[in-house]
Amino acid sequence: AEFIKGEIVNQSVHINLDDQVNDVAPIDEADNGHLAFVDNPRYAPILANTKATAVLIAKKYLDRVPEKTAAIVVADPYRAYSKLLAKLSPQSMRPLPIMGEEGVSEAAHISPSAKLEDSVTVDAGAVIGAGAEIGAGSLICAGAVIGSNVKIGRNVTIGANTTIQHTLIGNDVIIHNGAAIGQDGFGFSMGFGGHLKVPQIGRVIIQDKVEIGANSCIDRGANRDTVIGEGTKMDNMVQIGHNVVIGCHCVLVSKVAIAGSTTLGDYVAIGGHTAVAGHLNIGDGAQIAASSGVANDVPAGARWGGTPARYAKHWLKDVAKMRSEARKMEAEAKKKS
């Protein structure tokens with residue numbers, strides 16, 4: 001309880017968390033010896049019937065906790081659960097070597113001019129190009145390709161079958177399986193008679209503590225760098241176009257696509273399956289709902305949604321009006337029939 005800054009409120013329950021809690025489980029599956037949590041109100045009704053030894057909750061759910069379950073009241077149950085789980089299962093904090101072995105595999109292909117610091121693990125089938133540099137504690141999984149002169153910091157994980165070119169990566173970065181980073185952006189001078197390829201000469205800069213989901217693509221800059229800011233988290237299958245600059249601690253959910261030369265401020269959150277047009281500015285702290293289409297600059301702190309995206313309150317009002325009109329049309333159709 002001290003580790004997660006929580007308080008065991010129902011003092012009638014005398015337990016020693018270190019001795020009596022040995023695993024975590026969902027609130028509806030938890031049994032003796034398990035710790036669970038409730039954060040989403042949808043799961044609050046299940047709380048009264050849980051068999052968990054202890055549960056992390058907000059104070060408002062205290063009266064629903066069974067007598068035999070220790071209630072640990074915390075400010076943010078999900079965050080507390082995350083910290084505790086990281087302590088209980090540190091091996092789950094980053095992908096593990098595919099071959100289950102540390103060190104450099106004899107079946108890896110490493111250029112003689114590449115530089116690897118101590119305690120780097122390179123799985124079988126990985127390829128590391130000329131002049132590449134990889135920092136201590138990093139892991140290059142099976143089938144990954146690290147291009148020439150790519151620089152990778154310390155405690156970085158590069159997932160299986162990932163391809164990285166023209167890129168500088170900071171420390172404590174996780175890139176999941178199948179990501180493609182540093183390939184050419186979509187740059188063509190369009191015209192009758194053929195579309196002329198525009199050479200892409202920029203890089204990708206990935207700052208510290210970034211996490212990039214599986215099968216995501218980040219294009220190198222066209223004439224400047226594509227930048228992913230510190231602490232940003234990207235889900236699977238996210239597309240980042242050339243020259244995009246993403247601020248610190250942003251969250252991009254699955255299938256977000258951001259076109260070239262758009263800039264995101266810090267702490268921007270974009271819901272899944274959203275498309276953002278090029279050459280836009282998304283202000284600090286802006287939130288964009290899933291399945292939106294963004295074609296204009298978004299002010300800092302704004303909440304937008306819909307296609308074309310606009311302020312959420314306007315979008316929801318338009319949706320309500322459309323539903324109302326649809327119901328009227330259905331009612332008229334029934335009368336005529």
Side-chain angles (χ1 to χ4, degrees), residues 127 129-132 144-152 158-159 161-170 173 175-207 210-230 232-248 250 252-266 268 270 272-283 286 288 292-298 307-309:
V127 176
V145 177
I146 309 301
S148 299
N149 300 311
V150 167
K151 305 294 189 292
I152 296 174
I158 307 297
N161 298 321
T162 292
T163 302
I164 301 178
Q165 310 169 75
H166 311 293
T167 298
L168 305 181
I169 299 175
V173 171
I175 300 175
H176 289 278
N177 299 345
I181 298 174
Q183 65 282 336
D184 283 355
F186 191 71
F188 298 91
S189 177
M190 308 289 188
F192 292 108
H195 307 310
L196 187 64
K197 183 176 177 64
V198 178
Q200 308 288 287
I201 59 173
R203 305 171 298 177
V204 175
I205 309 296
I206 299 174
Q207 297 179 359
V210 167
E211 186 157 348
I212 296 169
N215 295 320
S216 292
C217 297
I218 303 175
D219 296 339
R220 69 186 294 195
N223 53 7
R224 63 186 73 189
D225 294 332
T226 301
V227 179
I228 312 298
E230 179 179 350
T232 284
K233 312 300 182 186
M234 293 166 48
D235 198 354
N236 301 331
M237 294 185 288
V238 170
Q239 160 66 24
I240 305 297
H242 59 200
N243 297 355
V244 167
V245 176
I246 295 177
C248 298
C250 294
L252 308 181
V253 183
S254 179
K255 297 183 181 179
V256 164
I258 301 179
S261 299
T262 281
T263 298
L264 276 63
D266 298 337
V268 171
I270 303 181
H273 210 273
T274 290
V276 181
H279 303 275
L280 299 180
N281 287 292
I282 312 297
I288 300 172
S292 296
V294 182
N296 296 289
D297 291 347
V298 179
T307 301

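In this text the structure is predicted, and so the values were computed from the model without any measurement.
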Between [X] and [Y], which heavy-atom pair has the shortest distance, and what is it?
| X | Y | value |
| --- | --- | --- |
| A179 | I175 | CB-CG2, 3.6 Å |
| G278 | A259 | N-CB, 3.3 Å |
| G202 | R220 | O-NE, 2.8 Å |
| V173 | Q207 | CG2-O, 3.4 Å |
| C217 | Q183 | CB-NE2, 3.9 Å |
| F186 | H242 | O-CE1, 3.6 Å |

Can you tell me how far apart [atom1] ([X]) and [atom2] ([Y]) are? Round to the nearest 0.5 Å.
| X | Y | atom1 | atom2 | result |
| --- | --- | --- | --- | --- |
| T167 | I218 | OG1 | CD1 | 8.0 Å |
| I246 | D266 | CD1 | CG | 11.5 Å |
| M190 | L196 | CE | CG | 11.0 Å |

> Looking at I270, I212, V256, which hits side-chain contact (heavy atoms from CB on, under 4.5 Å) with M234?
Replying inline: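 Going through the options one by one, the only one that passes is I212.
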Heavy-atom donor-acceptor pair, [X] side chain to [Y] backbone, under 3.5 Å:
| X | Y | value |
| --- | --- | --- |
| S254 | H273 | no |
| Q200 | V198 | yes |
| T226 | V204 | no |
| S261 | H279 | no |
| D297 | N281 | yes |
| T232 | C250 | yes |

>> Go through it in stages, so that I can follow the logic: the residues are I169 and I164, the test is side chain to side chain contact (heavy atoms under 4.5 Å, CB included), and I'd like the CA-CA distance, side-chain angles, deciding distance and then a yes or no.
In response: CA-CA 10 Å; I169 299 175; I164 301 178; 3.9 Å; yes
Exercise answer: donor-acceptor pairs, residues 144-151 side-chain atoms, under 3.5 Å, sequence neighbours excluded:
| unit_1 | atom_1 | unit_2 | atom_2 | d |
| --- | --- | --- | --- | --- |
| K151 | NZ | N149 | O | 3.1 |

Tell me, do [X] and [Y] make a side-chain contact under 4.5 Å, heavy atoms counted?
| X | Y | answer |
| --- | --- | --- |
| V268 | V298 | no |
| I206 | I181 | yes |
| T262 | V294 | no |
| I258 | L252 | yes |
| N215 | N236 | no |

>> Using the rule given for side chain to side chain contact (heavy atoms under 4.5 Å, CB included), can you reason through V276 versus L264, listing the C-alpha separation, both sets of side-chain angles and the distance that settles it, and then say yes or no?
In response: CA-CA 10 Å; V276 181; L264 276 63; 5.6 Å; no
> Can you name the side-chain contact (heavy atoms from CB on, under 4.5 Å) partners of R203, sequence neighbours left out?
Replying inline: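 R203: side-chain contact (heavy atoms from CB on, under 4.5 Å) contacts with L168, I205, D225.
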> Counting only heavy atoms not in K233, do more than 12 fall under 6.0 Å of its NZ?
Replying inline: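 Correct, the count exceeds 12.
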